[in-house]
Amino acid sequence: MSVSRQKSYKIIYDVKYNGKYSNILLLNELNDFSSKDRAFITYITYGVLSKINRLDYIIKKYSNIAFSKISKQARVILEIAIFEIVYMNSTVDYATVNEAVKLAQKNDNRAKSFVNAVLRKIAADVPNDEYIYKELKSKDFKSFITTYYSIGDFVFERLQNNYSSEFIIKLMDSMDNTPNIYIRRNNLKIDNENFLKEISYINSDFEIVGKEHTILKYKTFDRVAKNDLFEKGYYSVQDLGSTKAVLALDPCAGGEVLDLCAAPGGKSIFAAQLMNNKGKVISHDISRAKLNLLDKEAKRLGIDIINTSENDATVYNEDYENKFDRVICDVPCSGIGVMRRKPEIRYKDNSDINDLIKAQYKILENAARYTKNGCILVYSTCTLGREENQDIISRFLSENPKFELIMENEFYPFIDDSDGFYICNMRKHS
Ligand SMILES: C[S@@+](CC[C@H](N)C(=O)[O-])C[C@H]1O[C@@H](n2cnc3c(N)ncnc32)[C@H](O)[C@@H]1O
């Protein structure tokens with residue numbers, strides 16, 4: 001049995017049934033694999049996790065036992081094999097079936113002949129994705145979207161409350177694509193010309209998308225955070241949405257920035273770089289463990305103006321009243337905008353959404369009190385929909401007339417080539 005398939009199986013199983021996070025498992029558990037195997041495992045893991053409902057629809061069509069009676073192990077094994085047969089054209093079907101049977105033998109021996117029988121039928125028929133699309137499109141809109149694009153009720157309802165059917169289809173099509181990788185030069189360590197020269201030796205397949213800060217776009221970059229230039233601190237990996245939130249904050253050298261939900265640190269770090277490592281960035285987060293990542297990143301990049309400490313941003317701190325030139329609250333959110341990177345978000349339920357929205361509002365209210373008169377406050381999320389974005393801001397502006405909206409914008413993968421993201425910046429008047 002292929003070790004790569006067993007690894008993919010284990011990661012997908014842990015994400016589906018043990019509440020683990022795919023991006024963390026993929027980051028930490030593939031170090032002993034070759035670059036080819038890492039690419040294979042990553043492709044299968046993301047592919048399956050972002051298509052579970054669609055793959056299960058195919059299982060239901062070909063299985064002669066009820067879906068509810070199929071063991072968790074057998075479901076994952078079938079999902080992987082069907083993904084390979086239907087969505088990875090290069091694979092030889094009979095080899096995939098044999099591999100799946102071996103996976104069953106190891107992980108759920110009783111399901112071996114069932115897995116074999118279902119996959120032989122599928123391999124003989126090879127259901128075509130276009131056909132599945134047409135079949136599902138003929139059903140009601142909710143069944144079509146939740147099954148074909150593989151999302152749960154919460155995400156579907158959020159999208160339906162906010163966007164037209166046509167927009168939802170475009171958005172979900174783009175959520176099926178692999179996100180581009182963006183890297184940004186560290187201005188504190190290397191200039192533009194030398195950076196472009198050095199990075200080209202490692203991977204020259206980039207497009208320059210931001211000249212001023214040398215932001216490069218890659219389709220693929222194996223071990224983007226594990227090479228000599230990265231170790232030397234010459235660049236950071238950061239999505240465009242995240243970069244734009246910091247540009248909207250507009251931090252200045254010598255100023256004082258407060259980042260209330262800072263970890264793992266992308267925005268605090270870019271702020272410190274825009275400030276030329278002069279001034280102060282106070283970075284809080286509720287998780288000390290995640291702030292440790294920020295400290296490590298700052299050290300790698302040669303930044304020493306960031307001060308991290310564990311703090312609950314929903315709790316008001318009177319010492320901070322009217323104290324900061326720039327305040328950013330990149331609040332915890334439902335994360336719908338980043339489902340390409342964290343496919344488990346597709347199946348989120350809504351059990352904690354009301355508490356989340358209350359916390360977002362409370363954090364924003366506190367952030368507003370910490371902002372000096374005449375200065376800038378940024379509110380951002382990596383989710384989509386007015387409930388956690390525009391509604392929060394319109395309520396805030398109506399209750400806080402001292403604040404004037406400068407800009408608010410929602411970003412989408414198919415329009416902006418970034419993660420789904422929301423950014424709003426406001427100025428506090430005296
Ligand atoms: C969207 S992430 C922030 C990402 C970060 N700004 C960056 O650019 O890397 C939201 C963060 O809020 C933190 N968080 C959640 N509840 C919080 C609270 N009550 N107070 C402070 N931080 C909180 C989470 O630990 C998480 O790190």
Any side-chain heavy atom of Asn277 sitting closer than 4.5 Å to one from Asp304? yes
Between Lys142 and Asp153, does any NZ, NE, NH1 or NH2 come within less than 4.0 Å of an OD or OE carboxylate oxygen? yes
For a quick test of reading the model, state the closest non-hydrogen atom pair linking Gly241 to Ser418 and the distance between them. N-CB, 3.8 Å
Please determine if Asp295 and Arg288 form a salt bridge, counting it only when a charged side-chain N lies under 4.0 Å from a carboxylate O. yes
Member of Glu410, Glu408, Gln390 meeting the side-chain hydrogen bond (donor to acceptor under 3.5 Å, both in side chains) criterion with Tyr422: Glu408
Charged N to carboxylate O below 4.0 Å: is that the case for Arg346 and Asp176? yes
Are any of the side-chain heavy atoms of Arg223 and Ser35 separated by less than 4.5 Å? no
Mark yes or no: Lys51 above the aromatic ring of Tyr87, with NZ or CZ under 6.0 Å from the six-membered ring centre and no more than 45 degrees from the axis. yes
Polar contact flag, side-chain donor to acceptor under 3.5 angstrom, Asn311-Ser309: no
For Lys296, is the NZ atom crowded, meaning more than 12 foreign heavy atoms sit under 6.0 Å from it? no
Set out, in order, the CA-CA distance, both residues' side-chain angles and the distance that settles side chain to side chain donor-acceptor pair (under 3.5 Å) for Ser351 and Asp349, then state yes or no. CA-CA 6 Å; Ser351 52; Asp349 65 24; 2.8 Å; yes
Salt bridge (charged side-chain N to carboxylate O under 4.0 Å, His left out) partners of residues 191-211, not counting sequence neighbours, each pair once: Glu207-Lys217
Relative to each other, are the rings of Tyr316 and Tyr370 parallel, tilted or perpendicular (30° and 60° limits)? parallel
Determine, using ring centers only, whether Tyr43 and Phe83 are less than 6.0 Å apart. yes
Within 6.0 angstrom of Tyr21 OH, more than 12 heavy atoms from elsewhere: no
Ion pair check, Asp222 and Arg38, cut-off under 4.0 Å: yes
To the nearest 0.5 Å, what is the distance between CD1 (Ile423) and CG (Asn409)? 7.5 Å
Leu196 and Leu216: side chain to side chain contact (heavy atoms under 4.5 Å, CB included), yes or no, with the steps? CA-CA 9 Å; Leu196 290 177; Leu216 310 182; 3.8 Å; yes
After noting the C-alpha distance and the side-chain angles of Glu387 and Arg158, does the key distance pass the side chain to side chain contact (heavy atoms under 4.5 Å, CB included) rule? CA-CA 8 Å; Glu387 296 83 345; Arg158 171 63 68 85; 3.2 Å; yes
How many angstroms lie between atom CG of Asn187 and atom CG of Asn276, to the nearest 0.5 angstrom? 5.5 Å
Is there a side chain to side chain contact (heavy atoms under 4.5 Å, CB included) between Tyr13 and Ile77? Walk through the geometry before answering. CA-CA 9 Å; Tyr13 189 93; Ile77 294 165; over 6 Å; no
Phe396/Tyr379 aromatic ring centres below 6.0 Å: no
Report yes if the side chains of Glu388 and Ile353 come closer than 4.5 Å at any heavy-atom pair, otherwise no. yes
Atom pair CD1/CD1 of Ile168 and Ile151 - distance to nearest 0.5 Å: 7.5 Å
With a 6.0 Å cut-off (strictly less than), is the heavy-atom count around NZ of Lys170, excluding the residue itself, greater than 12? no
Any ion pair linking Glu29 and Lys10 (charged N to carboxylate O, less than 4.0 Å)? no
Quick check with a 6.0 Å cut-off and a 45 degree axis cone: is Arg120 positioned over the face of Tyr62's six-membered ring? no
Looking at side-chain heavy atoms only, is the closest gap between Asp37 and Ser2 below 4.5 Å? no
Kindly check if the number of other-residue, nucleotide or ligand heavy atoms within 6.0 Å of NZ (Lys60) is above 12? yes
Evaluate the salt bridge (charged side-chain N to carboxylate O under 4.0 Å, His left out) criterion for residues Asp259 and Lys267: first the C-alpha distance (whole Å), next the side-chain angles of each, then the deciding distance (0.1 Å), finally the verdict. CA-CA 8 Å; Asp259 184 349; Lys267 296 180 191 65; over 6 Å; no
Can you tell me how far OG1 of Thr383 sits from CD1 of Ile336, rounded to the nearest 0.5 angstrom? 4.0 Å
Decide yes or no for Ser174 and Tyr412: does some side-chain heavy atom of the first lie under 4.5 Å from some side-chain heavy atom of the second? no
So, Asp285 and Lys290, do they make that salt bridge, N to O below 4.0 Å? no
Run the side chain to side chain contact (heavy atoms under 4.5 Å, CB included) test on Val48 and Ser8 for me, step by step, so that the C-alpha distance in whole Å, both residues' side-chain angles and the decisive distance to 0.1 Å come before the verdict. CA-CA 9 Å; Val48 169; Ser8 312; over 6 Å; no
Close side-chain approach of Asp416 and Phe421, heavy atoms under 4.5 Å: no
Side-chain heavy atoms of Met426 within contact of Leu405, under 4.5 Å: yes
Taking it one step at a time, do Ser242 and Asp239 satisfy side chain to side chain donor-acceptor pair (under 3.5 Å)? CA-CA 6 Å; Ser242 196; Asp239 188 66; over 6 Å; no
Going through the distances and angles, do Asp391 and Arg395 end up as a salt bridge (charged side-chain N to carboxylate O under 4.0 Å, His left out)? CA-CA 6 Å; Asp391 283 358; Arg395 175 178 163 206; over 6 Å; no
When you compare the side chains of Asp330 and Ser380, does any donor N or O come within less than 3.5 Å of an acceptor on the partner? yes
CD1 on Ile58 to CD1 on Ile82, rounded to 0.5 Å: 5.5 Å
What closest approach, in Å, do Glu310 and Ile286 show between heavy atoms, and which atom pair accounts for it? CG-O, 3.6 Å
Taking all heavy atoms of Pro251 and all of Met275, pick out the closest pair and write down the distance. CB-CG, 3.8 Å
Is the shortest distance from a Lys or Arg side-chain nitrogen in Lys7 or Asp32 to a carboxylate oxygen in the other one below 4.0 Å? no
Quick check: closest heavy atoms across Ile376 and Ala248, and the distance to 0.1 Å? CG2-O, 4.0 Å
Around atom OH of Tyr94, are there more than 12 heavy atoms of other residues, nucleotides or ligands at under 6.0 Å? no
Answer with yes or no whether the side chains of Tyr149 and Asn53 bring together a donor and an acceptor at under 3.5 Å. no
If you draw a 6.0 Å radius around NZ in Lys342, do more than 12 non-hydrogen atoms from other residues or ligands fall strictly inside? no
Rounded distance [0.5 Å steps], CZ in Phe414 versus CE in Met172: 11.5 Å
For the residue pair Ile392 and Tyr361, what are the closest heavy atoms and their distance? O-CE1, 3.7 Å
Can you confirm whether Leu377 sits close enough to Leu364 that some side-chain heavy atom of one is under 4.5 Å from a side-chain heavy atom of the other? yes
For the CD atom on Glu231, are there more than 12 heavy atoms of other groups (residues, nucleotides or ligands in this structure) within a distance under 6.0 Å? yes
Of Tyr235, Phe195, Tyr182, Tyr218, which is the lone residue that meets ring pair (Phe, Tyr, Trp, His ring centres under 6.0 Å) with Phe206? Tyr218
Does one side chain, of Asn366 or Asn317, offer a donor that lies under 3.5 Å from an acceptor on the other? no
